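Working notes, beginning with the structure itself.
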Amino acid sequence: MERGLLWLPLLAMFFWLAWQGSKEYQKVEAYRVWAEQFERAKYDIYSVLGQKGNSITWGKPTPKGPIKLETFSLVNVQEVSLLVDGKPVNIETPPEKGRSIELEFVFSESTDSVRVPFTEIPLAAEWGKYLQGTLEGLRSPANQ
């Protein structure tokens, strides 16, 4: 009987881990369905991000689908910068470690900005480079 009582916490931990895994799977599946409408999309535990043309949509993932969705146009963005621990860093040579990783979108017509959280610096840097290139393409004389 004592052995059974020793295994009980392990059994409870197993069921808790299975439940957490199920919730995460539901989040990923809901993201997959949501992301089909975009040309380019990303998922991590902090946020979802999708790009379609000049529109960027981002929000928070949940098992029932992304919530708190916000959409803005790249046409209104003045600058995209990578923030690590709240400080801007060079997107070409980002640091290897950081606690808080965000892409900041600064708008040309207002003092507001949007900060999209990321879990990994390389992924945020890749998105930042891509979106900076897209911004440069929008501002080129050929597009005006």
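Every value quoted in this text rests on a predicted model; they were computed, and no experiment measured them. As a basis for the values below, the full set of heavy atoms in this structure was taken, side chains included, without hydrogen atoms, waters or symmetry mates.
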For Tyr31 and Lys42, indicate whether the former's side chain and the latter's backbone hold a donor-acceptor pair under 3.5 Å. yes
Side-chain donor/acceptor of Ser108 to backbone N/O of Gln78, under 3.5 Å: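 No: the side chain of Ser108 does not pair with the backbone of Gln78.
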Side chains of [X] and [Y]: closer than 4.5 Å at any heavy-atom pair?
X: Tyr130; Y: Glu126; result: no
X: Leu69; Y: Trp34; result: yes
X: Val84; Y: Pro94; result: no
X: Gln51; Y: Thr134; result: yes
X: Glu70; Y: Trp58; result: yes

Do [X] and [Y] belong together in a cluster built from hydrophobic side chains that touch within less than 4.5 Å?
X: Val89; Y: Val116; answer: yes
X: Phe38; Y: Val77; answer: no
X: Ile121; Y: Phe118; answer: yes
X: Tyr43; Y: Ile101; answer: no
X: Ile91; Y: Leu49; answer: yes

Pairwise distance [atom1]([X]) to [atom2]([Y]) - rounded to 0.5 angstrom:
X: Glu120; Y: Tyr46; atom1: CD; atom2: OH; answer: 11.0 Å
X: Lys129; Y: Gln132; atom1: NZ; atom2: CD; answer: 9.5 Å
X: Glu24; Y: Gln26; atom1: CD; atom2: CD; answer: 10.0 Å
X: Asn76; Y: Ile56; atom1: CG; atom2: CD1; answer: 12.0 Å
X: Leu74; Y: Phe105; atom1: CG; atom2: CZ; answer: 7.0 Å
X: Thr57; Y: Lys52; atom1: OG1; atom2: NZ; answer: 9.5 Å

Atom CD of Glu39: over 12 foreign heavy atoms under 6.0 Å: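 Counting neighbours around CD of Glu39, more than 12 heavy atoms of other residues, nucleotides or ligands fall under 6.0 Å, so yes.
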What are the two closest non-hydrogen atoms of [X] and [Y], and how far apart are they?
X: Ser47; Y: Pro117; answer: OG-O, 2.7 Å
X: Pro61; Y: Val48; answer: CB-CG1, 3.9 Å
X: Ala124; Y: Leu103; answer: O-CD2, 3.7 Å

Evaluation steps, side-chain contact (heavy atoms from CB on, under 4.5 Å), between Leu82 and Trp127: CA-CA 9 Å; Leu82 175 61; Trp127 267 89; over 6 Å; no
Is a salt bridge present between Arg115 and Glu104, judged by a nitrogen-to-oxygen distance below 4.0 Å? yes
